[in-house]
Amino acid sequence: MENREIACLLAETADLMEVAAEDSFRIRSYRNAASVIESYPERIEDVARDPERKLTGIPGVGKTIAAVIADILERGSFSKRDELLQKYHPGALELLKIQGLGPKSIALLIEHYDVRTLDDLERICREQKLRQLPRMGAKLEEKVLRGIEQFRSSAGRFLLSFATGLARELIEYLAATPGVECVQAAGSLRRGRETVGDLDLLVTGRDPAAALDRFTCYSRVHDVLGKGANKASARVGLEGMQVDVRALPAESYGAALQYFTGSKDHNVALRQRALRLGCSLSEYGLFRLDESRVAGASEPEIYEKLGLAWIAPELRENQGEIEAAAQGRLPALIDLQDIRGDLHMHTRETDGRATLEEMAAECKALGYEYLAITDHSKALAMANGLDETRAVEFARRVREINRNGLGIRVFSGLECDILRDGRMDLAGDALAELDFVIGSVHSHMNLEPAEMTSRLLRALECPHLKLIGHPTGRLLLHREPYPFDFERVATEAGRRGVMLEINASPERLDLYAPLLRTAKAKDVKFVIATDAHHPAHLRNMIYGVTMARRGWLTKDDVLNTLPLAQFAAAIAAK
DNA sequence: GCCGTTTTCGGCCCGACTGTTTTCAGTCG
């Protein structure tokens, strides 16, 4: 069993314990164990099976949780979870995901109305019965209905990082099938969409159909939805993501890859172009009207025969990429290898899980030349944010560290809260001590658009500000961006030389393509950064780079592609 | 439930907003 699956069982048990109003510290222990296990560098199952080692050696895992893990590995559950699921319908886990409802309210709803599912909850709200419960009213009913709607619209979609991990796992497994030479993901995953609905895997080789049998026998395949000679569909893993595997002959593999990568709009435009050239394009190939084959085995060949440069999948949204490819003016998109430093990360000083030294060592291992440590400021009290004194002391400590040298340059930074009125959370003279100040909104996210716009415009006036962090505040599948006049803010940022962040955290991926193109047109420069709270998160950089590519950005648009000396000069000059 | 001892029990992130109250519980970050 994978670490993620063990962590998921612990976390959902913690959720149910919350509804049962159990001791909050005990709940936190389960949550903490879940998060430690999820990011543990080795497979927990291997550790558990090794007689030389003990699970209790893992921080956050004591005797009880070690026994729980043993139970999970043996039978997929444990007694505490069984008891809670006996008491509460599994639907209670879904109810907890609705914004505005917490464990207390859900316990009350179950007690009074026997609410078990989202449908039950929706009915209670529509019948105006929620407001009859103590401390609940009409506004909450509306908020919950909105929450249900948002939850439903995001249900069945998965984060890009999740889909990437699942694709990697399945590709590795299927590629080991005799007779299979190539397995590749297509669809929105290949285009780098922020969320992915289902996974399309394409297989070719001497005997691609062999992969279909192997797929439906995979240990994590639960529910086979269909299987024919050329295609098999099934749900995989606890999360039940739908995966389609298609077996293809080599001569049409490129055409199928092109077709199943999409987007639909891009493909429609491409087929129209083929028709104008006297051809027809389908998933089987590019053909003349007499049905003789022009191309099909490889994707570049198809684009070439259509008079186009090969178009990177991230651009295939019919947003002008076909015209650009025809005129030879596609941008040279940024690559992961262009990134020379990460500029947004947290440590144990606030809500991170590792020390400055550990984060720096990982950055060095990734081949970076520099990093900025950017812990939270004091407005984020729950994260133990830095006040002026601690910030100045931190800047001094970083100067000291750089004198001794860690083999990588460290910049002293701060992720400073932008307060409700647009002022910075820390005083200017403290901010002046730091190399790299990010301004971020973490509170009052439901202001009127005009008020949010002026808040951000005022923040841009701060002379020490280098970067606006996660500029729209969205959390994928969870919270919409806060509304404001993006174009105005981008224009002002461009004018003042304040950069905008492409936050590579898979839950954020903010900014995203249309906004990036708007901002680029306003001469904005960008930073791609991971917002890492753990050394493992530093590897999320690729998702930020993917967003940048979707926004047509080149190396020159992104400041942290600069070599150290030029980067240092650039942020000092601002 | 975990951790770290001041070794066997006490401490474990906290402040603000919201909608509902009429003095605050619940939620969120």
Side-chain angles (χ1 to χ4, degrees), chain A residues 9-11 13-37 54-71 78-81 84 95-109 111 125 128 130-147 150 346-353 375-387 390 415 417-421 425 440-447 451 469-470 473-475 478-480 482 505 507-508 531 533:
Chain A
L9 293 175
L10 291 172
T13 303
D15 284 346
L16 291 172
M17 287 165 76
E18 213 150 25
V19 178
E22 294 198 22
D23 175 66
S24 65
F25 295 111
R26 183 169 301 181
I27 295 168
R28 189 194 294 173
S29 294
Y30 276 83
R31 282 245 154 77
N32 181 46
S35 108
V36 167
I37 285 166
K54 277 197 151 66
L55 286 171
T56 47
I58 300 170
V61 178
K63 266 177 144 175
T64 309
I65 304 251
V68 158
I69 293 173
D71 245 10
F78 53 102
S79 56
K80 177 125 204 125
R81 176 170 180 271
L84 286 163
L95 300 177
L96 276 166
K97 294 188 180 127
I98 302 302
Q99 285 212 310
L101 284 186
K104 294 274 171 20
S105 312
I106 287 165
L108 210 57
L109 279 161
E111 187 188 328
C125 289
Q128 310 197 332
L130 190 80
R131 64 181 69 177
Q132 292 167 17
L133 294 177
R135 292 194 162 273
M136 298 195 191
K139 283 203 172 161
L140 187 64
E141 274 172 0
E142 271 177 47
K143 185 173 182 180
V144 168
L145 285 171
R146 277 199 309 276
Q150 206 206 320
H346 300 270
T347 70
R348 284 170 198 266
E349 277 295 311
T350 59
D351 58 353
R353 301 190 70 96
D375 271 311
H376 289 291
S377 65
K378 65 178 191 279
L380 232 56
M382 70 166 282
N384 186 28
L386 275 63
D387 59 12
R390 280 171 71 203
E415 187 183 16
D417 261 53
I418 298 173
L419 303 178
R420 180 176 180 152
D421 61 4
D425 185 27
S440 295
V441 167
H442 290 119
S443 61
H444 303 100
M445 302 209 192
N446 51 357
L447 301 183
E451 196 181 350
H470 42 74
R474 74 169 177 178
L475 291 176
H478 184 60
R479 185 174 70 206
E480 294 296 307
Y482 44 74
S505 163
E507 294 82 32
R508 292 191 180 273
D531 202 349
H533 288 67

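Naming: A, B, ... by sequence-line order, numbering from 1 per chain. These values consider heavy atoms only, across backbone and side chains, with no hydrogens, waters or symmetry-generated copies.
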A/His442 or A/Arg26, whichever maps to the more 5' nucleotide of DNA chain B | A/Arg26
Whole-Å C1' distance, B/dC9 and B/dA16 | 33 Å
For A/Arg135, enumerate each residue passing the side-chain contact (heavy atoms from CB on, under 4.5 Å) test, keeping only those at least two apart in sequence or located in another chain.
-> none
Shortest side-chain distance from A/Tyr30, nucleotide among B/dC28, B/dG26, B/dG1 | B/dG1
Could you check A/Thr56 against A/Pro103 and say which one's nearest nucleotide on DNA chain B is further toward the 5' end?
-> A/Thr56
Ignoring hydrogens and angles, write down the donor-acceptor pairs under 3.5 Å from the side chains of residues 14-21 of chain A, residues two or more places apart or on other chains.
{"from": "A/Asp15", "atom 1": "OD1", "to": "A/Arg31", "atom 2": "NH2", "distance (Å)": "2.4"}
{"from": "A/Glu18", "atom 1": "OE1", "to": "A/Arg31", "atom 2": "NH1", "distance (Å)": "3.4"}
{"from": "A/Glu18", "atom 1": "OE1", "to": "A/Arg31", "atom 2": "NH2", "distance (Å)": "3.3"}

Watson-Crick/G-U partner (both atom distances under 3.5 Å) of B/dT8 | none
Sequence neighbours excluded, which residues qualify as salt bridge (charged side-chain N to carboxylate O under 4.0 Å, His left out) partners of A/Glu142?
-> none
Between A/Ser79 and A/Asp71, which heavy-atom pair has the shortest distance, and what is it?
-> N-OD2, 4.1 Å
Under the salt bridge (charged side-chain N to carboxylate O under 4.0 Å, His left out) rule, collect the residues that match up with A/Glu480, sequence neighbours excluded.
-> none
Ring pair (Phe, Tyr, Trp, His ring centres under 6.0 Å) partners of A/Tyr482, counting only residues at least two apart | A/Phe484
Taking protein heavy atoms under 4.0 Å as touching, what does nucleotides 11-21 of chain B look like 5' to 3' if B marks base contact, S marks sugar-phosphate-only contact and - marks none?
-> -BBBS-SSBS-
If you measure from the C1' atom in B/dC3 to the same atom in B/dT22, how many Å do you get, rounded?
-> 43 Å
